[in-house]
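As a basis for the values below, the full set of heavy atoms in this structure was taken, side chains included, without hydrogen atoms, waters or symmetry mates.
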Amino acid sequence: DRPLPFRELRSILARYGVQCDVGRGKGSHALFHLERPEGTVSFVVPTIVRKEVLQVYVRNCRKVFRLTEADGVFDRDFYA
């Protein structure tokens with residue numbers, strides 16, 4: 001995983017059905033969420049601290065939304 005500009009992360013996650021609700025985060029954070037049959041999965045990401053979302057948040061987003069290689073989403077597909 002690598003740091004990404006916020007807009008790029010939002011665009012990538014949207015391809016997998018993850019929605020972004022900037023208004024629901026606190027202050028300089030945005031809430032990403034995904035509806036699943038077992039319930040809603042959500043993850044908060046800081047947006048303003050840096051121009052890029054840190055690698056740790058990208059990695060955790062992928063884990064929370066099941067977008068890792070173990071889940072069948074390879075790096076080349078995720079970042080393409």
Side-chain angles (χ1 to χ4, degrees):
D1 292 313
R2 59 183 169 91
L4 291 173
F6 178 76
R7 286 182 179 181
E8 186 176 344
L9 177 63
R10 184 174 55 192
S11 175
I12 290 171
L13 292 176
R15 289 193 324 243
Y16 295 98
V18 178
Q19 298 177 351
C20 178
D21 192 350
V22 178
R24 290 203 44 206
K26 274 191 149 184
S28 61
H29 291 70
L31 175 72
F32 287 96
H33 57 92
L34 176 65
E35 298 293 327
R36 289 228 165 101
E38 63 271 11
T40 302
V41 179
S42 60
F43 189 75
V44 177
V45 174
T47 58
I48 296 179
V49 175
R50 295 175 177 241
K51 291 184 179 185
E52 293 187 329
V53 176
L54 296 176
Q55 176 181 351
V56 65
Y57 292 106
V58 175
R59 183 182 319 118
N60 287 335
C61 266
R62 291 185 70 183
K63 286 180 184 177
V64 167
F65 296 120
R66 297 184 196 154
L67 300 173
T68 64
E69 289 191 8
D71 301 307
V73 179
F74 295 98
D75 288 345
R76 68 179 186 282
D77 299 326
F78 183 80
Y79 291 107

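Using cut-offs of 30° and 60° for the angle between ring planes, the Tyr16 and Phe78 rings count as parallel.
Shown here for Ala80 and Arg15, the closest heavy-atom pair between the two residues is O-NH1, 2.8 Å.
Taking a cutoff of 4.0 Å between a charged side-chain nitrogen and a carboxylate oxygen, Arg62 and Asp75 qualify as a salt bridge. Ion pairing between a basic and an acidic side chain is recognised when a charged N comes within 4.0 Å of a carboxylate O; Arg66 and Glu38 show such pairing.
Judged by distance alone, the side chain of Arg59 and the main-chain N or O of Leu54 form no donor-acceptor pair under 3.5 Å. In terms of modelled atom types and a separation under 3.5 Å, the side chain of Gln55 and the main chain of Asp1 share a donor-acceptor contact.
For the pair Lys63 and Thr68, the minimum side-chain heavy-atom distance is below 4.5 Å. No side-chain heavy atom of Val53 sits less than 4.5 Å from a side-chain heavy atom of Pro3. The closest side-chain heavy-atom distance from Phe32 to Ser42 is not below 4.5 Å. The shortest side-chain heavy-atom distance between Glu8 and Pro5 falls under the 4.5 Å cut-off.
Between the CG atom of Leu9 and the CD atom of Glu52 there is a distance of 11.0 Å, given to the nearest 0.5 Å. The CD1 atom of Ile12 sits 5.0 Å away from the CG atom of Leu4 when rounded to the nearest 0.5 Å. Note that CG of Leu13 and CG of Leu67 are 6.5 Å apart. Values are rounded to the nearest 0.5 Å.
Within 6.0 Å of the OH atom in Tyr57, the count of heavy atoms belonging to other residues, nucleotides or ligands does not exceed 12.
Placement of Val73 and Val41 within a single hydrophobic cluster is found when ILVMFWY residues are connected by side-chain heavy-atom separations under 4.5 Å, directly or transitively.
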Criterion side chain to side chain contact (heavy atoms under 4.5 Å, CB included) on His33 and Val18, from CA distance to verdict: CA-CA 6 Å; His33 57 92; Val18 178; over 6 Å; no
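Cation-pi geometry between Arg2 and Tyr79 is met: under 6.0 angstrom from the ring centre, within 45 degrees of the axis.
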